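Take a look at the structure below.
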Amino acid sequence: QVQLVESGGGLVQAGGSLRLSCAASGRTFSSYAMGWFRQAPGKEREFVAAISASGGRTYYADSVKGRFTISRNNPENTVYLQMNSLKPEDTAVYYCAATRVFVATSTPSYNYWGQGTQVTVSS
């Protein structure tokens, strides 16, 4: 069982940066690959980025490649999403999730989800 809690969301102007954090409970965090997803109003939840259990491999959606960076700190049970050069279309609720599969880009592949954190980018 893994419990996930996101933080770090907020309101930022276009071109700005935010760093999201996802704190995980449980001693098995380092055995899970982690992902970030987002969901804008009226849209389906979409994949943003994933990182392998060891942190050695990452994978990004084309829409965020070069702007977002996913990382993790296994001893601290935390995964991060550094978001730079933010655009209004990045506005969404951002979720972190845990899976046994890398690389997984579909929501059914993930076993555990956080409650989400709101990111709003103003133009």
Side-chain angles (χ1 to χ4, degrees):
Q1 187 83 6
V2 177
Q3 293 183 323
L4 304 171
V5 179
E6 301 96 335
S7 62
L11 173 64
V12 63
Q13 288 188 331
S17 298
L18 280 175
R19 188 194 197 201
L20 305 184
S21 299
C22 174
S25 65
R27 294 176 291 178
T28 60
F29 173 74
S30 61
S31 66
Y32 286 88
M34 299 296 295
W36 284 97
F37 287 74
R38 65 187 181 187
Q39 188 166 18
K43 295 188 176 181
E44 292 187 353
R45 194 169 297 188
E46 65 173 1
F47 170 80
V48 175
I51 189 166
S52 62
S54 67
R57 293 178 291 166
T58 57
Y59 186 78
Y60 298 92
D62 287 343
S63 59
V64 306
K65 201 173 294 183
R67 300 188 298 123
F68 290 12
T69 302
I70 188 171
S71 62
R72 67 189 296 162
N73 184 327
N74 282 347
E76 295 189 358
N77 281 13
T78 306
V79 62
Y80 303 98
L81 185 68
Q82 177 67 44
M83 305 186 295
N84 299 328
S85 302
L86 283 161
K87 306 174 181 180
E89 51 263 43
D90 294 319
T91 295
V93 177
Y94 282 71
Y95 300 89
C96 70
T99 177
R100 294 288 193 182
V101 178
F102 184 82
V103 57
T105 61
S106 63
T107 54
S109 298
Y110 286 78
N111 307 100
Y112 303 102
W113 292 84
Q115 84 291 347
T117 185
Q118 176 71 46
V119 171
T120 303
V121 184
S122 63
S123 58

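Side-chain atoms are counted along with the backbone in the values below, which use heavy atoms only and exclude waters and symmetry mates. No experiment lies behind these values; they were computed from the predicted model shown.
Around the OH atom of Y59, the shell of radius 6.0 Å holds no more than 12 heavy atoms that belong to other residues, nucleotides or ligands. By the 6.0 Å contact criterion, CD on Q3 is open, its count of non-hydrogen atoms from other residues, nucleotides or ligands being 12 or less.
Considering every non-hydrogen atom in both P88 and A14, the closest pair reads CD-CB, 4.1 Å. Listed here is the closest heavy atom pair of F37 and T105: CE2-O, 3.6 Å. Smallest separation of non-hydrogen atoms from S21 and T78: CB-CG2, 4.4 Å. The two atoms that bring A50 and A104 nearest to each other are CB-O, 4.4 Å, heavy atoms only. Among all heavy-atom pairs drawn from G9 and T117, the shortest one is N-OG1, 3.2 Å. Taking each heavy atom of S30 and R72 in turn, the nearest pair found is CA-NH2, 4.1 Å.
Sorted by first and then second residue, the disulfide (SG to SG under 2.5 Å) pairs involving residues 21-118 (not counting sequence neighbours) are C22-C96.
Checked by atom type and distance alone, the side chain of E6 pairs as donor or acceptor with a backbone atom of Q115 at under 3.5 Å. At least one donor-acceptor pair closer than 3.5 Å links the side chain of N74 to the backbone N or O of A53.
Each of W36, W113, Y110 was checked for a side-chain contact (heavy atoms from CB on, under 4.5 Å) with Y95, and the lone residue meeting it is W113.
Here D90 does not pair with K87 in a salt bridge; the nearest charged N to carboxylate O distance is not below 4.0 Å.
Linking ILVMFWY side-chain heavy atoms closer than 4.5 Å, directly or via other members, places V2 and I51 in a single hydrophobic cluster. There is a path of hydrophobic side-chain contacts, each under 4.5 Å, that joins L20 to V12. There is no path of hydrophobic side-chain contacts, each under 4.5 Å, that joins L18 to Y80. Two different hydrophobic clusters hold F102 and V48 under the rule that ILVMFWY side chains link at heavy-atom gaps under 4.5 Å.
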Mind running side-chain contact (heavy atoms from CB on, under 4.5 Å) on V121 and M83 for me, showing each step along the way?
CA-CA 11 Å; V121 184; M83 305 186 295; over 6 Å; no
Test log, rule side-chain contact (heavy atoms from CB on, under 4.5 Å), inputs R38 and V119
CA-CA 9 Å; R38 65 187 181 187; V119 171; over 6 Å; no
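Separation of atoms OH (Y60) and CZ (R67) is listed at 12.0 Å; rounding is to 0.5 Å. Separating the CE atom in M34 from the OG1 atom in T58 is a distance of 14.5 Å, to the nearest 0.5 Å. Within the model, atoms OG of S7 and OH of Y94 stand 15.0 Å from one another, a figure rounded to the nearest 0.5 Å. Interatomic distance, L11 CG to Q118 CD, rounded to the nearest 0.5 Å: 9.5 Å. Separation of atoms CD (E89) and OG (S123) is listed at 10.0 Å; rounding is to 0.5 Å. Interatomic distance, I70 CD1 to Q82 CD, rounded to the nearest 0.5 Å: 12.5 Å.
Side-chain N/O atoms of S31 and R100 include a donor and acceptor closer than 3.5 Å.
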